[in-house]
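For reference, the structure discussed in these notes is given below.
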Amino acid sequence: MTGDGGGATTAGDGDGTVTRDGGGGATAGDFSGLLARRTSWGRSDAIDRILSAANAPGVLSMAGGIPAPDSFPVARLAEVTDRVLSRSAASALQYAPTAGTTAMREAVARRAGETGAPVGPERAMVTGGSQQGLDLVARTLLDEGDLVALDDPSYLGAVQSFRGAGARLLPLPTDRDGMRTDVLAERLAAGARPKLVYVVPHFHNPTGGVLTTERRRDLAALADRYGFLIVEDDPYGDLAFEGERLPSTDVHGDRVIRLMSLSKTLCPGFRVAGLTAPAGLLGELVAAKQSSDLQTNTFGQHVLAELLGDPAFLPAHLARLRALYGGKARATAALLRERLPWLGFEDPRGGLFFWCSVDDPRVTSDLLYEHALAQGLALVPGAPFCVEQDGSRLLRLSFATLDEEQRREGVSRLATAFDKARADAY
Ligand SMILES: Cc1ncc(COP(=O)(O)O)c(C=O)c1O
């Protein structure tokens, strides 16, 4: 590794650190004295640790929140990619505006209107995944000490963004019908003043809850009354196994920022998502994005805008996804019920997960996780998702990626893991 003009430097032991020969000063690799305070605020390596264990050879994973590879519209993407390169390479491979290409902003606004209140492209922008949307919202709106209300448990990536901006969290109980807006109302009446209320309105990660129309209406009314913004993060809304999706909270009020991931609807690899925001906020979010990455990848925007521009594509594609995931969810539920009587869960109505409880007083999900991993099965214990709630006997299982044979094998490994965990615990 090249030095920086001082003494010779050598690569460290494979962990990305650099060792300096012959100098005094800080210990090799220890830059903690230089780190900004905020680097420790939102930090959690729990999920990283769990997901890298899930990627070990021979491990079947029910851990990651990733879509099934056979859900990707590969043939259509190949066709559209060819077309974009042959017809519009000069612009598709060039820099693009920070807010997004015109065609992709139009596609985001169109999809927002189909699933919520009508929005013009001037209120839409493109982000590098909804995770970037969360980061932009946090950086734009939160000062150190500001309060963010959210379901407990919640999506860890959102918790990290809010905490990383120095926010305090106001955890609220949540159930099958989503956030308990009655409890939010009580907390507001008692003086709590969140700047943001964060919800995942459909098939919540991890609980699977769907925020009811009544609670959406309540939330919008509370936002008007108390002046907070609703951050509606909706990656799973397209994955309902039955029935129509409910319209976005923005049909009930205009204090809503919508994060519209395409990762589960199309594929995560392009890192292209939509965001819509009230007019007075969009420019601020775009300014934050400019200093972060200038723009989202132009080529991906061209490809996805072209694909979404075909009115026949999305309805047929979504019907296929719903059948695919609905089938996987039902088959997994039947197996879990047959083989694991100690596992409590509700049938998912959409999305990618089972949110489960271990119905044995001595077997914690951490203990089960360790034994499952030893058997070659990865799952996610509940505690990292929980803010205040006790997650020690909760866990999340994804049904999205395993095929039928792997599913049988995975459930069988989980059964063995439970027997061993129980033998340990009693
Ligand atoms: C609730 C929630 N929000 C946001 C994301 C991130 O989405 P994206 O891939 O668009 O960044 C995920 C990913 O799993 C998620 O579950």
Side-chain angles (χ1 to χ4, degrees), residues 42 44 46-48 50-51 54 61-69 71-72 100 104 107-108 111-112 124-138 148 150-164 174 178-179 196-211 230-240 245 248-249 257-276 285 289 292-293 296-297 300-301 304 308 321 325 348 350-355 380 382 384-387 396-401:
S44 164
I47 291 289
D48 256 5
I50 290 159
L51 295 186
S61 179
M62 297 180 90
I66 63 173
S71 73
F72 302 151
M104 194 61 210
V108 171
R111 188 72 193 135
M125 69 182 281
V126 178
T127 59
S130 281
Q131 188 61 44
Q132 186 186 43
L134 286 165
D135 179 60
L136 298 178
V137 165
V148 177
L150 74 188
D151 301 273
D152 189 10
S154 258
Y155 168 56
L156 196 70
V159 169
Q160 284 173 339
S161 290
F162 300 142
R163 282 204 168 124
T174 185
M179 179 181 282
L196 304 178
V197 175
Y198 171 73
V199 289
V200 176
H202 296 109
F203 320 119
H204 182 276
N205 178 7
T207 70
V210 177
L211 195 67
I230 299 162
V231 180
E232 194 191 68
D233 178 15
D234 193 11
Y236 305 104
D238 287 327
L239 305 183
R245 64 186 279 159
S248 161
T249 314
I257 299 173
R258 292 187 65 184
L259 305 181
M260 300 162 60
S261 175
L262 291 171
S263 293
K264 275 63 179 195
T265 303
L266 295 175
C267 57
F270 281 102
R271 308 310 299 140
V272 173
L275 180 155
T276 64
L285 294 165
K289 180 171 169 68
S292 168
D293 67 351
T296 295
N297 92 73
Q301 294 188 63
L304 294 192
L308 293 171
L321 287 195
Y325 288 125
L352 306 180
F353 310 113
F354 289 91
W355 182 235
V380 188
F385 299 102
C386 295
V387 182
R396 194 190 73 180
L397 289 177
S398 163
F399 54 78
T401 50

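All values below were derived from every heavy atom in this structure, side-chain atoms included, with hydrogens, water molecules and symmetry-related copies excluded. Each ligand, and each atom within it, is numbered from 1 in the order the structure gives.
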**OP:** Please check if any side-chain donor atom of Ser248 sits under 3.5 Å from a side-chain acceptor atom of Glu232, or the reverse.
**Re:** yes
Subject >> Short side-chain donor-acceptor distance under 3.5 Å, Gln160 and Tyr155 >> reply: no
Original post:
Any ion pair linking Arg245 and Asp234 (charged N to carboxylate O, less than 4.0 Å)?
Top reply: yes
Original post:
Is any side-chain N of the basic residue among Lys289 and Asp135 closer than 4.0 Å to the acidic one's carboxylate O?
Top reply: no
Original post:
Are the side chain of Ser161 and the backbone of Ala138 linked by a donor-acceptor contact shorter than 3.5 Å?
Top reply: no
Original post:
Is there a donor-acceptor pair closer than 3.5 Å between any side-chain N or O of Arg396 and the backbone N or O of Ala63?
Top reply: yes
**OP:** With a 4.0 angstrom cut-off on heavy atoms, strictly below it, pick out the residues next to ligand 1 and order them by chain and number.
**Re:** Gly129, Ser130, Gln131, Tyr155, Tyr198, Val200, Asn205, Asp233, Pro235, Tyr236, Ser261, Ser263, Lys264, Arg271
